[in-house]
Protein chains: 2
Amino acid sequence: MPSKSSLPTISDVAQRAGVSIATVSRVINGNTPVVAETAQRVRLAIKELKFVPRAAAQVLASRKTNTIGLVFSEIRGAFFPHLLKGIEAELHSSGYELLIYSTHSDHPIQRKPIGEHNTDGLLVFTTSLELEELERLYGINFPLVLMHETPPQGMEIPVITIENKDGAVMLVSHLIEKHGRRRIVFLRGPEGHEDSEWRERGYREALEAHKIVYDEGLIARGEFDEDSAFEEMQKLMAAGIEFDAVFAGDDDAAIGVYRALKMANRIIPDDVAVVGFDDVQFARYISPGLTTIRAPIEEVGREAVRQLICLLNGEQAQRLVLMRTELVIRESCGCQNKGGGERDL
Amino acid sequence: MPSKSSLPTISDVAQRAGVSIATVSRVINGNTPVVAETAQRVRLAIKELKFVPRAAAQVLASRKTNTIGLVFSEIRGAFFPHLLKGIEAELHSSGYELLIYSTHSDHPIQRKPIGEHNTDGLLVFTTSLELEELERLYGINFPLVLMHETPPQGMEIPVITIENKDGAVMLVSHLIEKHGRRRIVFLRGPEGHEDSEWRERGYREALEAHKIVYDEGLIARGEFDEDSAFEEMQKLMAAGIEFDAVFAGDDDAAIGVYRALKMANRIIPDDVAVVGFDDVQFARYISPGLTTIRAPIEEVGREAVRQLICLLNGEQAQRLVLMRTELVIRESCGCQNKGGGERDL
DNA sequence: CGGCATGATGTAAGCGCTTTCAGAAAGCGC
DNA sequence: GCGCTTTCTGAAAGCGCTTACATCATGCCG
């Protein structure tokens, strides 16, 4: 049993097969013709020695890492698995590896964790990368694709995102038209979060289209998560603000809204209608079923990878891919949910 | 603006700072003393040139990749984010990177995606790695930690797992003692899945302890996911098998059970009590709230990383870490859920 | 039958770092 | 001041691959 220090290298293989290391390299990479019989001998030697090329050496010599990076900030959130699944799926079919880095703000970064030194390109979700680093990477022409974030001034980086505004309009219009709601709370996401900005714009447009005056007092500032949503709702109610519906910003926040409302004995949807955004897994499981917007998150991941691969191949990528969103009606808005979600509980 | 082909290297830095590349390397790695003033000059040069060491070169020269790998098979499943979160958190505080590979069976692997050539050690979840590959890695003394899977015969690999059997016993005993259920269906997980094996053992022990005869007819074979659970329940009901409770194998499966039961107009928990396993996010959100076992999944991830790092440092790792599980009572078993889960909806 | 494509293989020069080893500079006691 | 140790720094040898280029048989044409 060989110790770890003596793993076989390409020269061991070459020697055993009676060829030069160049030939071994050629049969491994298959880009230069090698006589069939020789190739067979090499492959045998590889198998016998259980040889696996050291990735670092390949990368160093070929200047290609064959892996792409994903920078992400919020592993929590029902959102993440969907996105990752799409990315993984598309990546596998293209032979790239995935390096994931999630930027926790708490640990100051010493060595640069992810970038041009260990990946061929980067998938960046929302604002998980500091502007400075983004500029640096862009400056050296490093392949980059953004998700749910338009690039800063002057940078031409492909973006994949969803129809946030349309989704919000559908949601709010539904609340107004079908259920006669007029005092609709909007629970924003984090400051500077683009999804949130667009959803708010949609919210305002929908109000306007129905001649409802925008009321600053109905805007609450959450973080796209359960806890902050819960607290914001508590505050709102404590302040005695009246409302008959809540647009929760995203599904995670909707959970917090549910909790606060139930604790205050307000019935959903009779007293207060609630809608979310994203249609994550649990949206159909909670009670009442959450009316929300289906965002093709998985598809965003797939498309992001596709565009990045375009870039990696030196092809032109699309500047902007906008994914359609779709209204998913369940019961939390007041509907009876006839038909549709047959998988709902 | 430098083109991608002319990224600065360590020699550029050395030249600019008026030192040798060895010195630059020393201040980067900080393991050999360098006079403060010189070090400062080097750091300045690094900053000015925006130099980032190429990871591949470092890896090749130092023979350490500074990244650990995670091999996983089921990105789907409410399970995954919890695990990943724990792993990420622990990893960051130790300065390692994470390379994730999820083994989809559909794409035959050409190049070895993950292993000794691109990581310093591997975290392996359940049976995501083929035995042959596991043996190979073990054979070359490669640092390995398994999660939720005991190592094959003769291999001494550290394992992190949870008290599956105890959890199952708690669940089933609760069903029997508090709710008088006696015909309890057990919905298994996939063949060979260790969690499933142990849960079944707990199920049988609990029955035995209460003098209930084990009935083969009450065992259904799911896949730890919603769809197979749904189908299995349909089959069971179609076959006219009687039961007053279902132990769903895991929470994902419980969802499928809920759906099948509701579709058949059987009331949970009055007609049929349902319990799950894992306590994933949505368990508290569904209606009725799912009685389940809280498995410290995140902690499993953290602990796995800790053990792997022990190995990487040449220290001894624990052969087996067993995490305690805990009964979480909500309403799906028939309880009224007084107290406890104050975050439940 | 000589000259020349043609295609398979070998030779060797890196890729950009780390690290050993040796040398230079500086401090110390006698 | 002389030899000694003690620090710091530089030269250079790899790490294990890829790939441009050279080499060497072939086969083919005129």
Side-chain angles (χ1 to χ4, degrees), chain A residues 2 4-43 45-46 49-67 111-112 115-118 120 140, chain B residues 2 4-43 45-46 49-67 111-112 115-118 120 140:
Chain A
K4 200 192 167 194
S5 56
S6 66
L7 288 176
T9 75
I10 198 172
S11 358
D12 297 324
V13 177
Q15 204 172 340
R16 180 160 195 128
V19 297
S20 73
I21 62 168
T23 301
V24 176
S25 174
R26 282 173 191 128
V27 349
I28 289 173
N29 295 297
N31 41 22
T32 312
V34 171
V35 166
E37 191 216 346
T38 315
Q40 205 45 55
R41 240 182 24 249
V42 171
R43 267 189 283 270
I46 288 178
L49 294 173
K50 299 184 179 175
F51 168 71
V52 179
R54 228 62 30 98
Q58 292 181 306
V59 168
L60 187 58
S62 67
R63 274 163 289 275
K64 303 180 54 224
T65 68
N66 234 291
T67 107
R111 51 167 79 224
K112 287 245 188 287
E116 79 280 16
H117 58 296
N118 53 9
D120 287 345
I140 60 176
Chain B
K4 200 189 167 198
S5 56
S6 67
L7 288 176
T9 74
I10 199 171
S11 356
D12 297 323
V13 176
Q15 206 173 338
R16 180 159 194 130
V19 298
S20 72
I21 61 168
T23 301
V24 176
S25 174
R26 281 172 193 131
V27 349
I28 290 174
N29 295 297
N31 41 22
T32 312
V34 172
V35 165
E37 192 215 347
T38 314
Q40 205 47 54
R41 247 188 10 257
V42 171
R43 267 189 285 269
I46 288 178
L49 294 173
K50 299 182 179 177
F51 167 72
V52 180
R54 230 60 33 95
Q58 294 182 305
V59 169
L60 186 57
S62 68
R63 275 165 291 278
K64 305 181 52 222
T65 67
N66 233 291
T67 107
R111 54 166 77 223
K112 287 244 188 289
E116 79 281 17
H117 58 297
N118 54 8
D120 288 344
I140 60 175

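Chain naming here is simple, since letters A, B, ... match the order of the sequence lines and numbering starts at 1 in each.
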- prompt: By side-chain hydrogen bond (donor to acceptor under 3.5 Å, both in side chains), which residues pair with A:Thr9, not counting sequence neighbours?
  reply: A:Ser11
message: Whole angstroms only, please: what is the CD1-P distance between B:Ile10 and C:dG16?
response: 11 Å
field: Nearest-Å distance for atom pair CG/C1', residues A:Asp12 and D:dC17
entry: 13 Å
task: Write down the atom of A:Thr65, the atom of A:Val59, and the distance for their closest heavy-atom approach.
output: CA-CG2, 3.7 Å
Separation of atom CG in B:Asn66 from atom C1' in C:dC17, rounded to whole Å: 14 Å
field: Closest approach of B:Asn66 to B:Asp120 (non-hydrogen atoms, all atoms of both residues)
entry: N-OD2, 2.8 Å
task: Using side-chain hydrogen bond (donor to acceptor under 3.5 Å, both in side chains) as the criterion, list what pairs up with A:Ser62, not counting sequence neighbours.
output: none
Report, one pair per line, the protein and nucleotides 8-10 of chain C atoms (nitrogen or oxygen only) whose separation is under 3.5 Å.
unit_1: C:dT9; atom_1: OP1; unit_2: A:Thr38; atom_2: OG1; d: 2.9
unit_1: C:dT9; atom_1: OP2; unit_2: A:Val35; atom_2: N; d: 2.9
unit_1: C:dG10; atom_1: OP2; unit_2: A:Ser20; atom_2: N; d: 2.9
unit_1: C:dG10; atom_1: OP2; unit_2: A:Ser20; atom_2: OG; d: 3.0
unit_1: C:dG10; atom_1: OP2; unit_2: A:Thr23; atom_2: OG1; d: 2.6
unit_1: C:dG10; atom_1: N7; unit_2: A:Arg26; atom_2: NH1; d: 3.2
unit_1: C:dG10; atom_1: O6; unit_2: A:Arg26; atom_2: NH2; d: 2.5

message: Going by the rule side-chain hydrogen bond (donor to acceptor under 3.5 Å, both in side chains), which residues pair with A:Arg16 if we only count those two or more places apart in sequence or in a different chain?
response: A:Glu48
task: Whole angstrom is fine here: how far is it from CD in A:Gln58 over to C1' in C:dC15?
output: 13 Å
task: Counting heavy atoms from C-beta on, name the nucleotide in C:dC17, D:dC17, C:dC15 closest to the side chain of A:Leu60.
output: C:dC15
message: Listing request: all salt bridge (charged side-chain N to carboxylate O under 4.0 Å, His left out) pairs with a residue in residues 19-34 of chain A, at least two apart in sequence or in separate chains.
response: none
message: Could you work out, with side-chain hydrogen bond (donor to acceptor under 3.5 Å, both in side chains) as the rule, every residue matching A:Thr32, not counting sequence neighbours?
response: none
message: Looking at B:Arg54, I'd like to know whether one of its side-chain N or O atoms comes within less than 4.0 Å of OP1 or OP2 on C:dC17.
response: yes
query: Just checking B:Ser25: base, sugar-phosphate only, or nothing, at a heavy-atom cut-off of under 4.0 Å?
result: base
query: Just how far, in rounded Å, is P of C:dC17 from CG of B:Asn29?
result: 11 Å
task: Round to the nearest Å and state the distance from A:Asn118 atom CG to C:dC15 atom C1'.
output: 16 Å
query: Can you give the dot-bracket line for DNA chain C, using ( ) for pairs inside the strand, [ ] for pairs that cross earlier ones, | for pairs with another strand and . for unpaired bases, where Watson-Crick and G-U count if both distances are under 3.5 Å?
result: ||||||||||||||||||||||||||||||
- prompt: So which pairs with a foot in residues 50-62 of chain B pass salt bridge (charged side-chain N to carboxylate O under 4.0 Å, His left out), sequence neighbours left out?
  reply: none
statement: Among the nucleotides C:dG16, D:dC17, D:dT19, whichever has the atom closest to the side chain of A:Phe51 is D:dC17
query: Expressed in angstrom and rounded to an integer, what is the separation of A:Lys64 atom NZ from C:dG16 atom C1'?
result: 19 Å
- line: In whole angstroms, the gap separating P of C:dG14 from CZ of A:Arg63 amounts to 11 Å
- request: Could you pick out which residue, B:Ala56 or B:Asn31, lies toward the 5' side of DNA chain C when each is mapped onto its nearest nucleotide?
  value: B:Ala56
Which donor-acceptor pairs under 3.5 Å do the side chains of residues 34-43 of chain A make with protein atoms, sequence neighbours left out?
unit_1: A:Arg41; atom_1: NE; unit_2: A:Ala17; atom_2: O; d: 3.0
unit_1: A:Arg41; atom_1: NH2; unit_2: A:Ala17; atom_2: O; d: 3.1

